[in-house]
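Okay, so here's the structure we're looking at.
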Amino acid sequence: MTSTVPPAIGERPAQDAGREIAQQLRGAGVSRVDDSALARGMYSSDASLYRVVPQVVTRPQHVDELHAVHEVSRSTGVPVTLRGAGTSIAGNAVGAGIVVDTRDLDRILEIDPEARTARVEPGVVHAVLQRAVSPHGLRFGPDPSTHTRCTIGGMMGNNACGSRALGYGRTADNVEAATVLFGNGEVGSFHAGGSTTTAGRGAGRAAVASTGSTAEQLLRLAEMNLGHVRTHFGRFDRQVSGYSLEHLLPENQGRVDRFLVGTEGTLGTVLEATVNLVADHPRRLLMVLGYHSVAEAADAVPQLLAAAPGRLIACEGMDSRLVALVRGAGKQVPPLPEGESWLFVEAAGDDADDVIATVRAASGCVDSGLVDDAAQAAALWRIREDGAGLAGVSLPTPAHSGWEDAAVPPEHLGAWMREFEELLVDFGLQGYPYGHFGDGCIHCRIDFPFAHGDPGSTGVFAEFMRTCAERLAVYGGSLSGEHGDGRVRSELLPYMYDETSMDLFARAKRICDPQNLLNPGIITDPAPHTADLRPTQATRGLPWPGLRHTHDDGDFGAAVHRCSGVGKCVAPSTSGVMCPSYLATKEEKDSTRGRGRILQEAMDGTLVKGLSDPAVHEALDLCLSCKGCASDCPAGVDMAAYKSEALYQTYDVGGSEGAGEQGRRRRRRLRPRSHYLLGRMPFWARLAAPVAPLVNTMMKVPPLAAAAKWTAGIDPRRSVPAFARKTLRRAAARQDRAGSTGPVESDPSGSRAELGASAGQSAGTRPQPDVWVWADSFTDHFFPQSGLAALEFLRGQGLDVRLLQRRACCALPWITTGQLDQARRLLDGAVDALLEPVESGVPVIGLEPSCTATLRSDLVQLSDRPEAQTVADGVLTFAELIHRLVDEGKVQLPDLSGVRVVAQPHCHQRAVIGWQADQALLELAGAEVTAVPGCCGLAGNFGVEAGHYEVSVAVAETNLLPAVRRAAEEQDRPEATGETVVLADGMSCRIQLDDLADVAAIHLAELLAERS
């Protein structure tokens, strides 16, 4: 591809060129311009295979700034690439010049319920638009799997479709009007029913430029080639590859606006769009049809469509292998009918029952099931939405996009699926097909044998792509059915289109973008699809890894490359945890994906020089180590673990050299003060325990408190958590002595001889108890009331419950601050202390969810002792134990009827263990439960550290504090009955609520003990 960058800029070093472009953009009035290594690294990839480093990144705050970006591009010859959420799978959203992030252009300008239209800026997120129009009983029809974060502008770029395009159409079918800035500088305003401004084009010719000649030239291009356009374009709905010239035909009203949809930003930039809305019928029915194989499911599609023409809104294919991945990840999967492959068919409307019954009768399935529970239906659709991320990390070797969304007319789907699976076998490849079977569109992530550091390892990939393109053409298929051609398929378009069609593409490009400045290398004059592939870049290793990274065979580079860019972490709202800092700041660097990209650059890129590079620490600074991504990210990214590793490599291994050959000589570095104090809090709490009342009193003296906060690195606006006047061990021992219940294990030294006594193994004191309670450091030293309540409730049920006196620390503060050598030693001690009770068969429970979750996850990442897994599997949460005992008839729950519980599940628990047992218990007891999504914002050390206060508060304001305020308002209403309880088992959550809302939250054990 010929460069369009003039020598004045192009010949300079990239950094100097980027700096000059950035200066020109700022001078032109673009407010957010960034040419730092951090920004360029984050935007060097989308969700595709490709890495192309831009010179500068911009985030326009107004559409006028888009004009300014284009003016600078034309004057300097530097290309422009537009992106919304950056979830493009084909490499459509990466470019070497100026990358424009449009997510701040997010205004919904107008909603017209009567006309059923919405006028929006390009950065409006699909799900946000849906929420805005839903009160009117309307929806925007297409719904890609990335609907929680993809933008309308991005959907227009790719002509996105999604699961319900079968019923509601593609994005192109739902565009009513648009204002577009062409690459030649003209602005075109298009609308249905408009008329041309050029003589000779009569009324009824719609969607033409109000000024300028660009639209007229496009219409003339189609008019001069009517026969060819009519026979080669628009042959079936999912013919998305190339330029959709059929929209320019007179019988299609010359819809230039719809023609521009799917052009991938190569012809113009959307400034504003009006989209059609459709009725969102409240009654939907989902039927799952089972078949013996994917091909048999595909065979059934034509007869299903014929049985209910135009009445199905979705017909999705799902393979059993993909469902197995979800179950293997520990996620809930509703019951499915018999079969190895399924079709999810959905109908809406008052006659949905009849439609589904008709389809079932025509299906030829081996089994079927009607899903009439909304929660189960949502869970099944989530499997489909998370398919790409799961498939990418679940084969024995990494699977990649590439041959991602090819489509054929539905009548050929069965034959194509058989041939496609044969091609996979012939090339020795694996992949799990799934997709929009009703539209003939198939997705598949494939384990192409790329090799890091070997650019020549693209041979199988290139040959497979070429062969598939050749075979697909036989079926009249499209290389892309919804994601566009991008860098990965543009070079293959000649297999699908003849020379005349390719020439028409080139002529359209010259009309709209004569300087080739808009997303060059896409569709016309394509870049080689084997160039700039991330999986072939050389990688660095870690000579001294701190964590075992067991999910990635110990390879930290492979671990950070789990992030494939699907971008679930950049959704503007969440029903889970991920990503709390992004929800607070809306900055890419504060998302899981942004951090993942920078860590990838540190391991195999050129911009970031190892894990101690300032860019790494800037990206990781606002990571709360909440572990939300470990469960919420479809690819299983665990940024909390990666942050710990990066801190360990920086401070305990030797910084930037730690990722290279020189890192074989370890050199420790001085850490921030907060690491030594907050990062070792259980140690200091243990020292302070004998004089806790005195320490608490001193912290009420302002000068002393200020000095202590400065020393510990605590933000001055934070309160200092009070130490318990009596630790849980001391308080429990006193209770035992007062009750005279036999020999008491109360020696705070926690010797091994004492453990033998407490475990019932020394000379015949007491038999084994019914339950052991582990006194974790936070419960012991800060919230002993939780432990005492657990003892009280369980003993009140007639159970023999005892406290393990031997100390066992989960080392969580050491882990989150990257002090992994010390953490490993502490966890080895925890294994020694907990192994005998766990192996005794007596249930062992933990009360602080973050500590229990650390044993479940981080323990085996730091210790390779076989006993570590035994302990990890053996310690239960309080709710897990009670749920088990209720099922066994050994515990009776109190009546919580009339109690409204507003619960903040600890993010570690929700991510690692889950909160299902807690919710089930509360509902079984009769409580009305509201589980608050997201993180509380304190997250251990994070929220109290200097420099994090504002973000900590902003995170709390995303979900937790509004939920608590709503609950208080409802409780204060005159008609309110019952009572509201704020539940938070985690120490961090309780401190945050006390600090920011003056709310005294309680532990589940306290609630049950109080009501029994």
Please report the C-alpha distance between H529 and F461 in whole Å, then the side-chain angles of each, then the deciding distance to 0.1 Å, and finally whether the ring pair (Phe, Tyr, Trp, His ring centres under 6.0 Å) criterion is met.
CA-CA 10 Å; H529 69 273; F461 167 73; 5.6 Å; yes
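- Taking CG of L504 as the reference point, atom CD of E499 lies at 12.0 Å (rounded to 0.5 Å).
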So V100 and L66, side-chain contact (heavy atoms from CB on, under 4.5 Å) or not? Walk me through it.
CA-CA 8 Å; V100 182; L66 283 177; 3.8 Å; yes
The test is salt bridge (charged side-chain N to carboxylate O under 4.0 Å, His left out); show your working for D112 and R116 and say whether it passes.
CA-CA 6 Å; D112 187 339; R116 291 187 176 182; over 6 Å; no
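- Not one N or O on the side chain of S478 forms a donor-acceptor pair closer than 3.5 Å with the backbone of G481.
- For residues 47-56, the set of pairs meeting the salt bridge (charged side-chain N to carboxylate O under 4.0 Å, His left out) definition, not counting sequence neighbours, comprises R51-E601.
- The closest side-chain donor-acceptor pair between D498 and T500, if any, does not fall under 3.5 angstrom.
- Panel note: side chain H147, backbone D143; no donor-acceptor pair is recorded below 3.5 Å.
- Without hydrogens or angle criteria, R170 side chain to D237 main chain gives a donor-acceptor distance under 3.5 Å.
- With 3.5 Å as the limit, one finds a donor-acceptor pair spanning the side chains of D485 and S241.
- Between the side chain of N519 and the backbone N or O of G265, no donor-acceptor pair lies under 3.5 Å.
- A distance of 7.5 Å separates CG in D513 from CD in Q515, rounded to the nearest 0.5 Å.
- A donor-acceptor pair is defined here as one N or O able to donate and one able to accept, closer than 3.5 Å; such a pair exists between the side chain of N184 and the backbone of I511.
- Side-chain N or O atoms of N174 include none that pairs as donor or acceptor with a backbone N or O of A172 at under 3.5 Å.
- Residue L472 holds its CG atom at 10.5 Å from CG of L492, rounded to the nearest 0.5 Å.
- No donor-acceptor distance shorter than 3.5 angstrom exists from the side chain of N159 to the backbone of M155, with no hydrogens or angles considered.
- Side-chain contact between V180 and L271 is absent, with no heavy atoms from C-beta onward closer than 4.5 Å.
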Could you walk me through whether I21 and I98 pass side-chain contact (heavy atoms from CB on, under 4.5 Å), step by step?
CA-CA 8 Å; I21 298 165; I98 305 168; 4.0 Å; yes
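- Here the side chains of L305 and P410 are in contact, with some heavy-atom distance below 4.5 Å.
- Classification of the F140-H126 ring pair by plane angle, with boundaries at 30° and 60°, yields tilted.
- Rounding to the nearest 0.5 Å places OG1 of T458 at 11.0 Å from CG of L49.
- Looking at D257 and H191, their side chains never bring a donor and an acceptor atom within 3.5 Å of each other.
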Going through the distances and angles, do H436 and E482 end up as a side-chain hydrogen bond (donor to acceptor under 3.5 Å, both in side chains)?
-> CA-CA 10 Å; H436 316 296; E482 62 182 350; 2.7 Å; yes
Handout entry: side-chain hydrogen bond (donor to acceptor under 3.5 Å, both in side chains) between T266 and Y243, intermediate numbers included
Key = CA-CA 10 Å; T266 61; Y243 293 152; 2.7 Å; yes
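- Checking side-chain atoms of N252 against main-chain N and O of E246 turns up a donor-acceptor pair under 3.5 Å.
- Residues F259 and L218 form a side-chain contact, since some pair of their non-hydrogen atoms from C-beta on lies under 4.5 Å apart.
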- Task: Check the pair Q130 / S134 against side-chain hydrogen bond (donor to acceptor under 3.5 Å, both in side chains), numbers first and verdict last.
- Result: CA-CA 6 Å; Q130 298 290 51; S134 64; over 6 Å; no
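- Using a 4.5 Å cut-off on side-chain heavy atoms (C-beta onward), I152 and V270 make no contact.
- Contact check on E587 versus R32 returns a salt bridge, with a Lys/Arg side-chain nitrogen under 4.0 Å from an Asp/Glu carboxylate oxygen.
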* Start with the C-alpha gap between E588 and R59, add the side-chain angles, then the distance that decides, and say whether salt bridge (charged side-chain N to carboxylate O under 4.0 Å, His left out) holds. => CA-CA 11 Å; E588 183 73 16; R59 283 190 69 160; 5.9 Å; no
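- Shortest non-hydrogen contact noted between T87 and V566 is CG2-O, 3.2 Å.
- Shown here for Q55 and A17, the closest heavy-atom pair between the two residues is NE2-CB, 3.4 Å.
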Does the side-chain contact (heavy atoms from CB on, under 4.5 Å) test come out yes or no for L518 and H70, once each step is laid out? CA-CA 9 Å; L518 300 187; H70 280 262; 3.4 Å; yes
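- Shown here for A127 and T148, the closest heavy-atom pair between the two residues is CB-CA, 3.9 Å.
- Remark: the T117 side chain and the E176 side chain contain no N/O donor-acceptor pair separated by less than 3.5 Å.
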task = Apply side-chain contact (heavy atoms from CB on, under 4.5 Å) to the pair T263 and M156, showing each step before the final yes or no.
result = CA-CA 8 Å; T263 57; M156 292 178 69; over 6 Å; no
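- Side-chain polar atoms of S45 and R534 form a donor-acceptor pair below 3.5 angstrom.
- Contact detail for T102 and L82: the closest heavy-atom pair is CG2-CD1, 3.4 Å.
- Of the possible polar contacts, one joining the E186 side chain to the T214 backbone as a donor-acceptor pair under 3.5 Å is found.
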Step-by-step side-chain hydrogen bond (donor to acceptor under 3.5 Å, both in side chains) determination, D101 to T58:
CA-CA 6 Å; D101 184 335; T58 70; over 6 Å; no
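- In this structure, the side chains of R26 and V72 stay at 4.5 Å or more apart for every pair of heavy atoms.
- At a threshold of 4.5 Å between non-hydrogen side-chain atoms, the residues L413 and Y475 do not count as touching.
- You'll find the side chain of Y43 reaches within 4.5 Å of the side chain of R83, heavy atoms only.
- Although no hydrogens or angles enter the test, the distance criterion places no donor-acceptor pair under 3.5 Å between the side chain of R119 and the main chain of I108.
- Ring pair H443/H483 is tilted by interplanar angle, where 30° to 60° counts as tilted.
- Rounding to the nearest 0.5 angstrom, the gap separating the OG1 atom in T530 from the CD atom in E491 is 6.5 Å.
- Taking both residues in full, the closest heavy atoms of S44 and P54 are given as CA-CD, 4.0 Å, listed atom of the first, atom of the second, then distance.
- Using cut-offs of 30° and 60° for the angle between ring planes, the F233 and Y497 rings count as parallel.
- Scanning all heavy atoms of the two residues, the minimum distance from G262 to I523 falls at O-CD1, 4.4 Å.
- Within the 4.5 Å cutoff, side-chain heavy atoms of L25 are placed close to those of V69.
- For the pair D405 and R238, the salt-bridge criterion is not met [side-chain N within less than 4.0 Å of a carboxylate O].
- Rounding to the nearest 0.5 Å gives a distance of 7.5 Å between OG1 of T274 and CD of E110.
- Counting only N and O atoms by type, the side chains of E65 and S31 include a donor and acceptor under 3.5 Å apart.
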